[in-house]
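Quick caveat, the model's predicted, so the values are computed rather than measured.
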Amino acid sequence: MAFKVTGVEQGEWAVLGVSGELDLVTSPVLRQRVHDAVAEGYHSLVLDLSDVFFCDSSGVGVLIAARRLIRSCRGRLRLILPAQGASDGSHVNRVLGALGVRRLFDVYPDMDSAVSDEEGPLSA
């Protein structure tokens, strides 16, 4: 599966759907798309990582940088990390947990809950 980032609007939220491998080669693409969304005035951002089947430290770095950027704009960043995603469970979820940084993010299981203000994030 080739790396791809797609963008859609869901109300006030900019949603970036990411698929493939998030690594040293592809992470600059996601970083740029996040910066583009903020430059377009979106301060509420959802990163749908359901279809990411590999994430290395550079990918985690992009997620942390996105969090920092959104917080500097007093915005909101939410990640979609389903319990089962990218064929055998959410790889990104496991990587963030193993590195001890999952607690930094508001994590949701699906798009509906991520763009809704009715439900809170999943606990770390």
Side-chain angles (χ1 to χ4, degrees):
M1 171 189 280
F3 180 78
K4 184 166 68 169
V5 180
T6 57
V8 297
E9 289 180 35
Q10 290 277 113
E12 65 182 303
W13 295 90
V15 179
L16 297 179
V18 185
S19 60
E21 296 184 17
L22 185 54
D23 58 20
L24 182 63
V25 174
T26 60
S27 59
V29 175
L30 180 57
R31 182 184 309 270
Q32 187 60 52
R33 292 295 300 270
V34 168
H35 281 268
D36 291 347
V38 171
E40 291 169 13
Y42 290 101
H43 296 157
S44 295
L45 181 65
V46 173
L47 297 178
D48 183 352
L49 305 173
S50 302
D51 293 324
V52 173
F53 58 87
F54 177 80
C55 181
D56 68 6
S57 59
S58 58
V60 173
V62 167
L63 298 178
I64 291 171
R67 178 183 180 269
R68 188 178 315 121
L69 175 64
I70 294 294
R71 286 174 61 98
S72 73
C73 300
R74 296 199 167 119
R76 300 177 291 173
L77 174 66
R78 295 178 176 177
L79 305 182
I80 297 176
L81 295 173
Q84 295 298 313
S87 77
D88 66 343
S90 177
H91 175 78
V92 179
N93 206 2
R94 291 193 311 268
V95 169
L96 295 177
L99 294 173
V101 297
R102 187 179 180 281
R103 62 182 169 71
L104 298 176
F105 299 98
D106 290 336
V107 176
Y108 293 79
D110 56 44
M111 179 71 67
D112 290 338
S113 60
V115 298
S116 169
D117 284 328
E118 296 174 13
E119 248 181 85
L122 297 173
S123 60

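- No donor-acceptor distance shorter than 3.5 angstrom exists from the side chain of Asp23 to the backbone of Phe54, with no hydrogens or angles considered.
- Hydrophobic clustering keeps Met111 apart from Val107 (ILVMFWY residues linked when any side-chain heavy atoms are closer than 4.5 Å, directly or through intermediates).
- Residues Gly97 and Arg102 come closest through the heavy atom pair N-CB, 4.0 Å.
- To the nearest 0.5 Å, atom CG of residue Asp112 and atom CD1 of residue Ile80 are 9.0 Å apart.
- The CZ atom of Arg76 sits 10.0 Å away from atom CG of Asp106, with the distance rounded to the nearest 0.5 Å.
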Inset, instruction - Mind running side chain to side chain contact (heavy atoms under 4.5 Å, CB included) on Ile64 and Phe105 for me, showing each step along the way? - result: CA-CA 9 Å; Ile64 291 171; Phe105 299 98; 4.0 Å; yes
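- The main-chain N or O of Ser113 is never found under 3.5 Å from a side-chain atom of Ser116 such that the two would form a donor-acceptor pair.
- Hydrophobic clustering of Ile, Leu, Val, Met, Phe, Trp and Tyr side chains at less than 4.5 Å, counting indirect connections, keeps Val15 apart from Leu30.
- Here Ser57 contributes atom OG and Leu99 contributes atom CG; the two are 8.0 Å apart, rounded to the nearest 0.5 Å.
- Here the side chain of Arg78 pairs no donor or acceptor atom with the backbone of Tyr108 at under 3.5 angstrom.
- Asp56 contributes a side-chain N or O that, together with a main-chain N or O of Gly59, makes up a donor-acceptor pair within less than 3.5 Å.
- No path of Ile, Leu, Val, Met, Phe, Trp and Tyr side chains, each step under 4.5 Å between heavy atoms, connects Val115 with Leu47, placing them in separate hydrophobic clusters.
- Looking at Leu79 and Val92, their side chains never come closer than 4.5 Å, going by heavy atoms from C-beta outward.
- Following chains of ILVMFWY side-chain contacts shorter than 4.5 Å, one cannot reach Leu81 starting from Val46, and the two form parts of different hydrophobic clusters.
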Legend entry - Step-by-step side chain to side chain contact (heavy atoms under 4.5 Å, CB included) determination, Arg67 to Leu104: CA-CA 8 Å; Arg67 178 183 180 269; Leu104 298 176; 3.7 Å; yes
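- With rounding to the nearest 0.5 angstrom, the OH atom of Tyr42 is 11.0 Å from the CD atom of Glu12.
- Val101 is not listed as a side-chain neighbour of Leu63, based on a closest heavy-atom distance of 4.5 Å or more.
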Inset, instruction - Apply the test side chain to side chain contact (heavy atoms under 4.5 Å, CB included) to residues Val38 and His43: give CA-CA distance (whole Å), side-chain angles for both, the deciding distance (0.1 Å), then the verdict. - result: CA-CA 6 Å; Val38 171; His43 296 157; 4.2 Å; yes
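- Considering OG of Ser19 and CG of Asp48, their distance stands at 9.5 Å, rounded to 0.5 Å.
- Linking Ile, Leu, Val, Met, Phe, Trp and Tyr whenever their side-chain heavy atoms come within less than 4.5 Å leaves Val5 and Val8 in two separate clusters.
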Inset, instruction - Determine, step by step, whether Thr26 and Val18 satisfy the side chain to side chain contact (heavy atoms under 4.5 Å, CB included) criterion, reporting the C-alpha distance in whole Å, the side-chain angles of both residues, the deciding distance to 0.1 Å, and the verdict. - result: CA-CA 10 Å; Thr26 60; Val18 185; over 6 Å; no
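- To the nearest 0.5 Å, the span separating CG on Leu45 from CG on Leu69 amounts to 9.0 Å.
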